[in-house]
Colleague: 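The structure under discussion is supplied below as structure tokens; questions concerning it will follow.
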Amino acid sequence: MSKEQVVHLPREGGVRVSQDATEVGEIRRRARADADRVLSEHWRSGTLPVDPRAIVAAVDARLAGVGERAGGSLATSSAGAGSSSRGRRSLVRSRFESARLLGLRTRDRVAGSEPRPSSATGWRHRTHPDEIYANEFAVALLLPHTDFVAARSDGLDDLGLAKRFQVSPTIARWRALQLDCAVAVP
């Protein structure tokens, strides 16, 4: 998307919101930087996959309630997920949602504000600034840059990356495209 292209968002409170690609790029850059900072401060073990639950506990235990009210859960666990593909999808989705909500809370903390109820609850269009930030933060948190590039260099495809990082293959592919380390799909 060029700087001249504009993304028109759904009406928010009767106001038409527009963003140019530069603004979207800045939102994504800020989300990645915040995720990197959270990882460096709170991901003590450095083991994969990143455990959003442990990071939430290190950042702010009060966050678990926010995730539960939003239909997700910041306090995720692999216990009870089972080995079925449905259980794995549920775990993957829960981990991603936890990371998204942690991202929104991190953004609010960096801005020095209390969590905005609309940030943690309610559906937003995927082009809304909150959604752009939350999704970018989650991807950067769950697939740390250095570890992801190393895994891709080891020859893992999207499915192998998804298993290693406990994310969906779509998220693994998105991260690869972001980092320009995607391999051609036959």
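All values below were derived from every heavy atom in this structure, side-chain atoms included, with hydrogens, water molecules and symmetry-related copies excluded.
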Colleague: Check side-chain hydrogen bond (donor to acceptor under 3.5 Å, both in side chains) between Arg30 and all other residues, then give those that pass, not counting sequence neighbours.
Modeller: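 So Arg30 forms no side-chain hydrogen bond (donor to acceptor under 3.5 Å, both in side chains) with any residue.
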
Colleague: Between Leu104 and Arg107, does the side chain to side chain contact (heavy atoms under 4.5 Å, CB included) criterion hold? Intermediate values first, please.
Modeller: CA-CA 5 Å; Leu104 291 171; Arg107 184 213 45 210; 3.5 Å; yes

Colleague: Taking all non-hydrogen atoms of both residues into account, name the closest pair between Ala172 and Ala162 and its distance.
Modeller: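 Nearest pair, atom of Ala172 first, then Ala162: CB-N, 4.1 Å.
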
Colleague: What residues form a side-chain hydrogen bond (donor to acceptor under 3.5 Å, both in side chains) with Ser45, not counting sequence neighbours?
Modeller: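 Ser45 satisfies side-chain hydrogen bond (donor to acceptor under 3.5 Å, both in side chains) with Thr47 once adjacent residues are dropped.
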
Colleague: Determine the minimum heavy-atom distance between Pro52 and Val50, stating which atoms define it.
Modeller: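 So the two residues come closest at CD-O, 3.2 Å.
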
Colleague: Which pair of non-hydrogen atoms, one from Arg37 and one from Thr106, has the smallest distance, and what is that distance?
Modeller: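 Smallest interatomic distance, heavy atoms only, reads NH2-CG2, 3.5 Å.
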
Colleague: Checking Ser94 side chain against Ser90 main chain: does a donor-acceptor pair fall under 3.5 Å?
Modeller: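 No: the side chain of Ser94 does not pair with the backbone of Ser90.
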
Colleague: Out of curiosity, Asp51 CG to Gln166 CD, how far, rounded to the nearest 0.5 Å?
Modeller: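 Here the rounded value is 9.0 Å.
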
Colleague: Can you sort out the partners of Arg29 under side-chain contact (heavy atoms from CB on, under 4.5 Å), two or more places apart, ordered by chain and number?
Modeller: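 With neighbours one apart ignored, the set is Glu26, Arg32, Ala33.
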
Colleague: Look at Glu97 together with Arg93 and state whether they make a salt bridge at an N to O cut-off of under 4.0 Å.
Modeller: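 No, this pair does not count.
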
Colleague: Using atom types as modelled, flag every donor-acceptor pair under 3.5 Å from a side chain in residues 141-149 to any protein atom, sequence neighbours excluded.
Modeller:
none

Colleague: Once rounded to the nearest 0.5 Å, what's the spacing between atom CZ of Arg100 and atom CZ of Arg95?
Modeller: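 Output value for this atom pair is 15.0 Å.
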
Colleague: Could you walk me through whether Lys163 and Asp158 pass the salt bridge (charged side-chain N to carboxylate O under 4.0 Å, His left out) test, one step at a time?
Modeller: CA-CA 9 Å; Lys163 286 180 180 177; Asp158 297 340; over 6 Å; no

Colleague: So Val24 and Arg28, side chain to side chain contact (heavy atoms under 4.5 Å, CB included) or not? Walk me through it.
Modeller: CA-CA 6 Å; Val24 171; Arg28 287 186 170 141; 3.7 Å; yes

Colleague: Taking the side chain as every heavy atom from C-beta outward, state whether Trp43 and Val38 have any atom pair closer than 4.5 Å.
Modeller: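 Sidechains of Val38 and Trp43: no contact.
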
Colleague: Is there side-chain contact between Leu48 and Arg164, with at least one heavy-atom pair below 4.5 Å?
Modeller: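 Leu48 vs Arg164: side chains touch.
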
Colleague: Kindly compute the distance separating CD (Glu41) from CD1 (Ile55), expressed to the nearest 0.5 Å.
Modeller: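 That separation rounds to 11.0 Å.
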
Colleague: I want to check something: taking the side chain as every heavy atom from C-beta on, are Asp34 and Tyr133 in contact at a cut-off of under 4.5 Å?
Modeller: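 Sidechains of Tyr133 and Asp34: in contact.
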
Colleague: For Phe137 and Gly103, which heavy atoms make the closest approach, and how far apart are they?
Modeller: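 What the structure gives for the nearest pair is CD2-CA, 3.1 Å.
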
Colleague: Going by heavy atoms in the side chains, are Val167 and Leu161 under 4.5 Å from each other?
Modeller: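 In short, these two side chains do not touch, never coming nearer than 4.5 Å.
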
